[in-house]
Each structure stands twice: as structure tokens, then as C-alpha cells.
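One structure is given below, encoded as C-alpha cells.
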Amino acid sequence: FPETYEAFMCQIKHDRWNLGRFVPFPGCAVWVSPAEYGVRLLHKDFDHYWMYREHSTLEIEGADARELDRRHEELLTYLQSEEWKRYGRA
């Protein structure tokens, strides 16, 4: 992931955004073998697995669920500020 949101927005040549969360759906490789991907599923209640949930349903190496939630909120706040519109434009 780029060091800054600005660098990321320049790379993708955006005009809109939609922010979801990574969700390992049942049957996919990450669901079947999460440890192989550095993922720890917090539970297997699929009612909680939706890309637009408020809280993370997993943890990854180097970031627990709280940290993933913090990062998600930080990026969401940045995107909602519309500051992103300044980047990646000719």
C-alpha cells in the first residue's frame, strides 16, 4: 500500500470511490486456510461477513481488528473530505 492516501489516489486515476472491507467468503482459499494468508478469522458466523460492515471480522499479520478499523475510518474520513479530488488530475 502506498505511503500516503494521496500517492494511492494518484496511482489509480480515480473519479469516484467506494470503500468496502476485505471479506473472505466461505469456500474461498482465505476462508478455508486463513493462516496461509496471514489472516485470523474472528468468528465464522457468516451474518457478520459483509463488505460494508462497521467493524472488521478478521485480523491480519501486523494489524489486529482494532487497527484495521482505525485504518478504515481514517481512509473513509479522508475520502469523505473530498480532498482526494485534488490528486491524479492532469
Side-chain angles (χ1 to χ4, degrees):
F1 194 75
E3 291 185 31
T4 66
Y5 297 134
E6 293 86 359
F8 175 69
M9 298 310 267
C10 285
Q11 286 178 3
I12 62 171
K13 305 294 186 216
H14 61 281
D15 62 356
R16 291 186 179 92
W17 59 268
N18 183 6
L19 183 62
R21 292 177 181 268
F22 172 68
V23 177
F25 292 107
C28 79
V30 176
W31 180 270
V32 173
S33 303
E36 289 183 30
Y37 297 90
V39 172
R40 185 172 81 83
L41 303 176
L42 299 179
H43 50 74
K44 290 210 171 186
D45 179 355
F46 195 63
D47 287 342
H48 298 281
Y49 284 78
W50 186 56
M51 291 187 325
Y52 302 105
R53 291 206 52 92
E54 186 175 331
H55 299 288
S56 184
T57 55
L58 53 84
E59 297 178 334
I60 61 173
E61 290 178 8
D64 63 12
R66 232 175 158 160
E67 175 62 13
L68 293 174
D69 289 345
R70 186 196 67 74
R71 292 178 188 180
H72 184 271
E73 186 60 32
E74 182 179 290
L75 180 55
L76 181 61
T77 299
Y78 170 77
L79 292 170
Q80 289 174 332
S81 76
E82 298 197 353
E83 188 176 334
W84 59 274
K85 289 182 177 181
R86 298 183 307 154
Y87 300 97
R89 301 288 184 216

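Computed over heavy atoms, backbone and side chain alike; hydrogens, waters and symmetry mates excluded.
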Name all residues meeting the side-chain contact (heavy atoms from CB on, under 4.5 Å) criterion together with L19; count only those two or more places apart in sequence or in a different chain, and write none if there are none. W17, H72, L75, L76, L79

For D69, enumerate each residue passing the side chain to side chain donor-acceptor pair (under 3.5 Å) test, keeping only those at least two apart in sequence or located in another chain. R21, H55

Grab the two heavy atoms, one from L42 and one from S56, that are nearest each other, plus how far apart they are. CD1-O, 3.8 Å

Show every salt bridge (charged side-chain N to carboxylate O under 4.0 Å, His left out) that has at least one partner inside residues 24-34, sequence neighbours left out. none

Within residues 25-35 or reaching into it, pairs that qualify as salt bridge (charged side-chain N to carboxylate O under 4.0 Å, His left out) - sequence neighbours excluded: none

Is there any salt bridge (charged side-chain N to carboxylate O under 4.0 Å, His left out) pair reaching into residues 24-34, and which pairs are they, with sequence neighbours excluded? none

Tell me every residue that passes side-chain contact (heavy atoms from CB on, under 4.5 Å) with D47, counting only those two or more places apart in sequence or in another chain. D45

For residues G20 and Y52, report the shortest heavy-atom separation together with the two atoms involved. CA-CE2, 3.6 Å

What pairs of donor and acceptor atoms, side-chain ones from residues 32-41 against any protein atom, are under 3.5 angstrom apart with sequence neighbours left out?
| from | atom 1 | to | atom 2 | distance (Å) |
| --- | --- | --- | --- | --- |
| R40 | NE | E59 | OE1 | 3.1 |
| R40 | NH2 | E59 | OE1 | 2.8 |

For A63, what residues pass the side-chain contact (heavy atoms from CB on, under 4.5 Å) criterion, not counting sequence neighbours? I60, E67, L68, R71

Minimum heavy-atom distance between F25 and W31, given as atom pair plus value: O-CB, 3.2 Å

